[in-house]
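Worksheet: one structure, shown below.
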Amino acid sequence: EVQLVESGGGLVQPGGSLRLSCVASGFTFSGAAMTWVRQAPGKGLEWVASINAEGNYLAYADSVKGRFTISRDDAKNTVYLQMNSLKLEDAAVYYCYANQGAAGYWGQGTQVTVSS
């Protein structure tokens, strides 16, 4: 059974930091490109960041570039999203997505709340 389990969300003040984790199982994690996507209340899905299977290509949405860092640890089947200098507009449910060939898998999401 394929599983993607996100964690690390929570309440943080503007300017604060959080690190999200997504632990994968049930497929070959090292062969999958991984992506973080978020959805703010009342809005659609927004792509945040991606990392390729080899870990040598990273891409970021302009809205998070310079503040967020995506990384992966294949030994732990985990992808991370380090979020620094958080803004009110970063508040959302954050999902990880795995893409392996024609297959795609979603996690259940973790809530990030940014509030003073």
Side-chain angles (χ1 to χ4, degrees):
E1 178 189 6
V2 172
Q3 281 193 316
L4 292 170
V5 180
E6 299 99 332
S7 62
L11 173 63
V12 63
Q13 293 185 337
S17 298
L18 284 174
R19 188 177 81 155
L20 306 183
S21 301
C22 172
V23 180
S25 61
F27 65 98
T28 305
F29 178 80
S30 60
M34 300 298 297
T35 293
W36 287 96
V37 175
R38 67 187 181 186
Q39 185 169 29
K43 297 189 176 181
L45 291 174
E46 178 189 13
W47 169 71
V48 175
S50 294
I51 184 168
N52 67 347
E54 293 78 16
N56 58 5
Y57 178 78
L58 315 178
Y60 299 93
D62 287 343
S63 58
V64 307
K65 200 172 294 183
R67 300 188 297 121
F68 290 11
T69 303
I70 189 171
S71 63
R72 64 189 298 153
D73 184 342
D74 288 356
K76 297 182 178 179
N77 282 4
T78 301
V79 62
Y80 303 98
L81 186 68
Q82 177 67 45
M83 306 187 296
N84 299 328
S85 303
L86 282 160
K87 304 177 180 180
L88 294 174
E89 54 264 39
D90 293 319
V93 177
Y94 284 71
Y95 300 91
C96 68
Y97 174 76
N99 174 228
Q100 188 177 45
Y105 313 108
W106 288 93
Q108 85 290 347
T110 186
Q111 177 74 52
V112 171
T113 303
V114 184
S115 175
S116 55

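Nothing fancy with the numbering, it's 1 onward along the sequence.
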Through direct or indirect side-chain contacts below 4.5 angstrom among Ile, Leu, Val, Met, Phe, Trp and Tyr, which residues connect to L45?
V37, V93, Y95, Y97, W106
Starting from [Y], can I reach [X] by hopping between I/L/V/M/F/W/Y residues whose side chains sit under 4.5 Å apart?
| X | Y | answer |
| --- | --- | --- |
| L81 | W47 | no |
| M83 | I70 | yes |
| L20 | V23 | no |
| V12 | Y80 | no |

Say you draw a straight line from [atom1] of [X] to [atom2] of [Y]; how long is it, rounded to the nearest 0.5 Å?
| X | Y | atom1 | atom2 | result |
| --- | --- | --- | --- | --- |
| Q111 | Q39 | CD | CD | 10.5 Å |
| L58 | S71 | CG | OG | 8.5 Å |
| R38 | T110 | CZ | OG1 | 14.0 Å |
| M34 | N52 | CE | CG | 12.0 Å |
| T113 | L88 | OG1 | CG | 11.0 Å |
| S7 | Q108 | OG | CD | 8.5 Å |

Can any side-chain N or O of N99 pair as donor or acceptor with the backbone N or O of G101 at less than 3.5 Å?
yes
Do the non-hydrogen side-chain atoms of [X] and [Y] ever get within less than 4.5 Å of each other?
| X | Y | value |
| --- | --- | --- |
| Y94 | C22 | no |
| V114 | P14 | yes |
| D90 | V112 | no |

Determine whether the side chains of S63 and E46 contain a donor N or O and an acceptor N or O closer than 3.5 Å.
yes
Heavy-atom closest pair, residues [X] and [Y]:
| X | Y | result |
| --- | --- | --- |
| Q82 | N84 | NE2-OD1, 2.9 Å |
| A53 | R72 | CA-NH1, 3.4 Å |
| A32 | F27 | CB-CE1, 3.8 Å |
| A24 | L4 | CB-CD2, 3.4 Å |
| L18 | G8 | CD2-O, 3.7 Å |

Taking the six-membered ring of Y60 (Phe, Tyr or Trp), confirm whether the NZ or CZ of R67 is under 6.0 Å from its centre and within 45° of its axis.
no
